[in-house]
2 protein chains.
Amino acid sequence: MVSLNLDREVEQRLGDHDVRYTRGRRVVVSALAASDGPRSAAELHREIGPDLPLSSLYRSLSVLEDAGVIIPHHGARTLTRYELAEWLAGHHHHLVCVECGSVEDIEIPKKHESRVKALVQELSDGASFTPLNHALEIEGRCSKCT
Amino acid sequence: MVSLNLDREVEQRLGDHDVRYTRGRRVVVSALAASDGPRSAAELHREIGPDLPLSSLYRSLSVLEDAGVIIPHHGARTLTRYELAEWLAGHHHHLVCVECGSVEDIEIPKKHESRVKALVQELSDGASFTPLNHALEIEGRCSKCT
DNA sequence: CCTATAATAAGAACGATTCTCATTATAAGG
DNA sequence: CCTTATAATGAGAATCGTTCTTATTATAGG
């Protein structure tokens, strides 16, 4: 579901942020709009070609993110965080603070969990996908950052 | 929910993988068990102290991950992937392939979505968390990698 | 047109992670 | 107990994604 007036809306939004909707930025937006999932800078660079240098591409991504046109999947991931596997820690979900980046585990009531599980199975079946695990990732502001 | 016999179970699992449960590995497992959410190498190093050098800590993480004792939150990728913000692309969830790392967007039926939304609100309330967004992240094997 | 300002792009810098390799610890057999 | 083969450690180099710096180029508005 991508708006038909995508360029119009993005241009509007960028205007509100006092930045121009230049060729490099257009090409990044259009590449992302054509994707069926999130894309990294390297992947976009491969798709777009060498006309848009990597350093410019990164710059465009950063401008577009600041303007709220694009978002980093799973937050800006310049580091990897580990946790005990679920067979040790139990099944749980996450509250991710967009402000400070902290992540807190939460468990959910069994009755809800079984609904979620069924939903996961249904969605996976529809996409020929073999689910191994799932988690509800809730992004927002934690109690400290409110 | 961390098993009371954590060390016992981890030792068993590492044994099955022909690796020893050494001091460095123990201290990493115990730090993660004491955490209320995922932790980065740097965070663990800060908590554990300088007795376990960073390079050893990274090594421990990698061994523990191979043995299935710990898992990287959101997969191991140290790269950031972007997508159009939801006000442009619509609300959706993700199928993440643990094999090739690809991520595919999926939308879910409205009736399910409203249930999920209610659940998100309920969980957030219970944790003094202000939810801004949420997504069900389903990890597994995509049709290509099955 | 001019000019002030924004955007671009090449390359340096940076930070997280991985690799290399010499040293140290350990288990298992004599 | 020793010895020895193997695993683990740790210091530092190397790598890789990303960000920063800065000189150059493009553009909107006067």
Side-chain angles (χ1 to χ4, degrees), chain A residues 10-32 38-67 69-83 101 103, chain B residues 10-29 31-32 38-67 69-83 101-103:
Chain A
V10 172
E11 185 153 33
Q12 171 70 45
R13 175 65 84 110
L14 290 185
D16 293 348
H17 283 252
D18 298 315
V19 294
R20 301 176 191 152
Y21 195 24
T22 60
R23 181 188 142 277
R25 293 164 190 178
R26 277 172 200 277
V27 86
V28 168
V29 167
S30 121
L32 284 177
R39 293 287 180 267
S40 68
E43 287 163 346
L44 290 171
H45 189 243
R46 226 171 292 132
E47 283 171 31
I48 291 171
D51 286 5
L52 184 63
L54 249 192
S55 71
S56 301
L57 203 162
Y58 272 109
R59 184 133 238 309
S60 292
L61 288 173
S62 144
V63 169
L64 291 169
E65 182 184 355
D66 289 348
V69 171
I70 65 177
I71 53 168
H73 181 220
H74 291 151
R77 308 213 38 259
T78 55
L79 53 74
T80 304
R81 282 187 226 256
Y82 292 86
E83 59 187 343
V103 180
Chain B
V10 172
E11 185 153 33
Q12 172 69 45
R13 174 65 84 110
L14 290 185
D16 294 348
H17 283 251
D18 298 314
V19 293
R20 300 177 192 151
Y21 195 25
T22 60
R23 182 187 142 273
R25 293 165 190 176
R26 277 172 201 278
V27 87
V28 168
V29 167
L32 285 176
R39 293 288 180 270
S40 69
E43 287 163 346
L44 290 170
H45 189 243
R46 225 171 293 132
E47 284 171 30
I48 291 171
D51 287 4
L52 185 62
L54 248 192
S55 71
S56 300
L57 204 162
Y58 272 110
R59 185 132 241 307
S60 293
L61 289 173
S62 143
V63 168
L64 291 169
E65 182 185 354
D66 288 349
V69 172
I70 64 176
I71 53 169
H73 182 219
H74 290 150
R77 299 242 155 278
T78 55
L79 54 74
T80 304
R81 285 188 224 253
Y82 291 86
E83 58 187 343
S102 70
V103 180

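To find a chain, count down the sequence lines: A is the first, B the second, and so on, and within it residues start at 1. Computed from heavy atoms alone, side chains included, the values below leave out hydrogens, waters and symmetry copies. In this text, all values refer to a predicted model and were calculated from it rather than measured experimentally.
Applying the 4.0 Å criterion to OP1 and OP2 of D:dG10, one finds that B:Ser56 has a side-chain N or O inside that range. One finds no side-chain N or O of A:Thr78 lying less than 4.0 angstrom from the OP1 or OP2 phosphate oxygen of C:dG15. Residue B:Arg59 has no polar side-chain atom (N or O) positioned under 4.0 Å from OP1 or OP2 of C:dT18. At least one side-chain nitrogen or oxygen of A:Thr22 sits closer than 4.0 Å to the OP1 or OP2 atom of C:dT8. Of the side-chain N and O atoms in A:Tyr58, one or more sit less than 4.0 angstrom from OP1 or OP2 of D:dT18. The side chain of A:Arg23 contributes no N or O atom lying less than 4.0 Å from OP1 or OP2 of C:dT8. One finds a side-chain N or O of B:Thr80 lying less than 4.0 angstrom from the OP1 or OP2 phosphate oxygen of D:dT18.
When heavy atoms are screened at a 4.0 angstrom cut-off, A:Val19 is found touching the sugar-phosphate backbone but no base atom.
A:Asp51 has its CG atom 20 Å from the P atom of C:dA7, to the nearest Å. For the pair B:Leu52 CG and D:dG10 P, the computed distance is 6 Å after rounding to whole Å. For the pair B:Asp18 CG and C:dA27 C1', the interatomic distance rounds to 13 Å; values are reported in whole Å. A straight line from NE2 of B:His45 to P of D:dT9 spans 14 Å, rounded to a whole angstrom. Rounded to an integer number of Å, the gap from CG of A:Leu54 to P of C:dC14 is 20 Å. Residue B:Arg26 contributes atom CZ, which lies 17 Å from atom P of C:dA25 at whole-angstrom precision. For B:Leu61 and C:dC19, the CG to P distance is 14 Å, given to the nearest whole Å. When the C1' atom of D:dA28 is taken as reference, atom CD of A:Glu11 falls 14 Å away, rounded to whole Å.
Minimum atom distance to the side chain of A:Arg20 is reached by C:dA7, of the listed D:dA8, C:dA7, D:dT18. Set against D:dG17, D:dA8, C:dT17, the side chain of B:Arg25 has D:dA8 as its closest nucleotide.
Of the possible donor and acceptor atoms, one in the side chain of A:Ser60 sits under 3.5 Å from a partner among the backbone N and O of A:Ser56.
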Audit row: A:Tyr82, B:Arg39, side-chain contact (heavy atoms from CB on, under 4.5 Å) steps and yes/no:
CA-CA 5 Å; A:Tyr82 292 86; B:Arg39 293 288 180 270; over 6 Å; no
Before giving the answer on side-chain contact (heavy atoms from CB on, under 4.5 Å), spell out for A:Arg81 and A:Leu79 the whole-Å C-alpha distance, their side-chain angles and the decisive distance to 0.1 Å.
CA-CA 7 Å; A:Arg81 282 187 226 256; A:Leu79 53 74; 3.9 Å; yes
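The residue among A:Ala76 and B:Ser60 whose nearest nucleotide of DNA chain D lies closer to the 5′ end is B:Ser60. Residue order along DNA chain C, read from the 5' end via each residue's closest nucleotide, puts A:Gly24 first among A:Gly24 and B:Ser55. Along DNA chain D, the nucleotide nearest to B:Tyr82 and the one nearest to B:Pro53 differ in position, and the one closer to the 5' end is contacted by B:Pro53.
Taking CG of B:Leu14 as the start and CZ of B:Arg25 as the end, the distance is 7.0 Å to the nearest 0.5 Å. Put simply, OG1 on B:Thr80 and NE2 on A:His74 are 11.5 Å apart, with the number rounded to the nearest 0.5 Å.
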